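To start, the structure under review is shown below, and the notes come after it.
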2 protein chains.
Amino acid sequence: MSNDLNQECVVGLDAGGTRTRAVFAAAEDGRVFGEGAAGPGNALTVPVPRLTDHLVEAIAQAVPEAARARVVAVAGGFAGATAASTEEPGHVNARTALTAALRRLGIPADRVRICSDIEAAFASAPGTPADGLALVAGTGAVALRITDRRSTATVDGDGWLLGDDGSGFWIGRSAVRAALRMADRRGTATALAVSVGRALGVPDDALPGDGDWSRGHREAYRMHVLPAVMAELPIRLARFAPLVVEAAGEKDAVAEGILDEAADQLTATVRALNPAHGERIVATGGLLGPEGPLTVALTARLRTLGLTLDWVPDGCRGAVALARLAHDGDDR
Amino acid sequence: MSNDLNQECVVGLDAGGTRTRAVFAAAEDGRVFGEGAAGPGNALTVPVPRLTDHLVEAIAQAVPEAARARVVAVAGGFAGATAASTEEPGHVNARTALTAALRRLGIPADRVRICSDIEAAFASAPGTPADGLALVAGTGAVALRITDRRSTATVDGDGWLLGDDGSGFWIGRSAVRAALRMADRRGTATALAVSVGRALGVPDDALPGDGDWSRGHREAYRMHVLPAVMAELPIRLARFAPLVVEAAGEKDAVAEGILDEAADQLTATVRALNPAHGERIVATGGLLGPEGPLTVALTARLRTLGLTLDWVPDGCRGAVALARLAHDGDDR
């Protein structure tokens, strides 16, 4: 380890809405020496002083004090920032916070590179591609065209109120809607009415049972579910997405329909980027990982567009690769 | 007038999310002597002391001081309350506030009747019906079965996050979604992109023009629209509904599709109440009035279910009718 630390090193950061992660690696080959993590790192929603603190905390964990003078480049993928514009507030905040954090830690890196968390995730794919398509399908949903390592076109990512069609939020909201529509007789019977009701603490006797679901119990169900959902942040609806996956696994037709529709929506989102046959698409987010509930359905649909999907867990590996490229003088 | 005030009188109240209205009328024939208005009257969201103040203000305007001793019955239709349950928080709040308001004004009414604003609107229809269907299609959307003047089954009314399908909110959100989907090329061209963009202050050069809408301008449009919408309360999306009506009037296919879909949704909401052929349906809300954008489309769809639609502007007339019935000893 002490020999390793005599060589030139880089730091890659993945700063998202939930936490900030730092990876410390060799500049020459990207071998990982250390990792660290701290609180949220969204460059638009976390105030700069707190963002700075989180960066300091994560980097300090990853990089031993004795090695800090050897860091030659740092790259950070931040939610709320993009490499495509150095003047937008998210980019400015991220650069300000990262510069301050490095100064506080005595890290002299001349080369600091800011991009979005999705641009970093795209660069995490094998071969560190510079051009192609990126798709995020987690709590939210967005697809990007990446050109020269920068996002150049965006589809969806419109947020829970206006879009994120096919996302975990969208699936979770669909689950509660299906339950309410069964309760008021607009929709067909679904196991989601029981599982969503249980998750929201509806008393057992107001849940649909084996026999008829009486009018009074239906009204009681609605009167319990509606205020329980509205008392929380809308984005919390994403937590019901696993209930849809579970019900679909048991062949509940309504749940299967929701997942099919989600895969269709995400396919339409990718298609709007007008992909060329054989283009690379790098995906991230829990719906599409090795255990992701939409992986099989979406892979099949994208194959008909001539696209194959590479999944990456996050932007850490890409951020390290971008820092190494910056050190080599490649600032694309 | 002085002779009129020597007879027995009643007060009807329509207390909604925006304002509280009071109507002072003859107990014998419902002839109106005076009206008053004050701030919001939702029994679940306006704290009881403030609700009491609003009731006092509206009633004091409607009922001259000299006539107050002659009031024999009061009925109020409150958003957030229902006649069907005297124990729910909204009903309890409404009764507490109204009782306190009457005491403060020296109104001795023995007979006080609380119902929902929708139950009062239903009673506003010609003949003061006791049974049938009620439909609200304004900012929100809900359909009720009314039995013996009380709501006995509810369809939708699930609020902006989970439902209100086909409502003014739903139409307004659809307008912004259509604009964003044109901007990211998921959707077809629509005049809504210009009208929604203008309403949100998008700079002229980022709006779609006669020629090609460039990639950069599309991205700038999205980056302006998304934070502008998220900076306001979600329910404010309802203000874009008139833009859809306007665009549909000029034969914009996307706007026409939104209004058609809204009429379909409201029809499905009514159909879930399992209406009998020839049953009465009383509607209220701005989408269905004499100038309402969905009046023609919905009337045609309901006709195929054997239903005819009576529209009433609000619950004031019904609240007066319910107060008169209470005075006659009919407390159904």
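Since the model is a prediction, treat every value here as computed from it, not as a measurement. Just so it is clear: chains get the letters A, B, ... in the order the sequence lines come, proteins before strands, and each one is counted from 1.
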- Between CG on residue A:Asp165 and CZ on residue B:Arg181, distance to nearest 0.5 Å: 5.5 Å

- Item | Distance-minimising heavy-atom pair for B:Glu219 and A:Thr154 | OE2-N, 2.6 Å

- Task: Pick one of side chain, backbone, both or neither for A:Arg215, based on which atoms fall under 4.5 Å of a heavy atom in chain B.
- Result: side chain

- Please look at A:Thr269 and chain B and tell me whether the side chain, the backbone, both or neither of the residue comes under 4.5 angstrom of a heavy atom of that chain. both

- Message: Using heavy-atom distances under 4.5 Å, tell me whether B:Ser174 contacts chain A through its side chain, its backbone, both, or neither.
- Response: neither

- Which of the residues A:Leu237, A:Val225, A:Asp184 is involved in the greatest number of heavy-atom pairs with chain B at under 4.5 angstrom? A:Asp184

- Message: At a 4.5 Å cut-off on heavy atoms, which part of A:Leu273 comes close to chain B: side chain, backbone, both, or neither?
- Response: neither

- Is it the side chain or the backbone of A:Ala268 that comes within 4.5 Å of chain B heavy atoms, both, or neither? backbone

- Item | Salt-bridge present (A:Asp158, B:Arg177; N to O < 4.0 Å) | no

- Item | Exam field: side chain B:Arg222 to backbone A:Asp156, donor-acceptor pair closer than 3.5 Å | yes

- Note on the structure: Heaviest contributor of heavy-atom pairs below 4.5 Å to chain B, chosen from A:Arg185, A:Arg218, A:Arg186, is A:Arg186

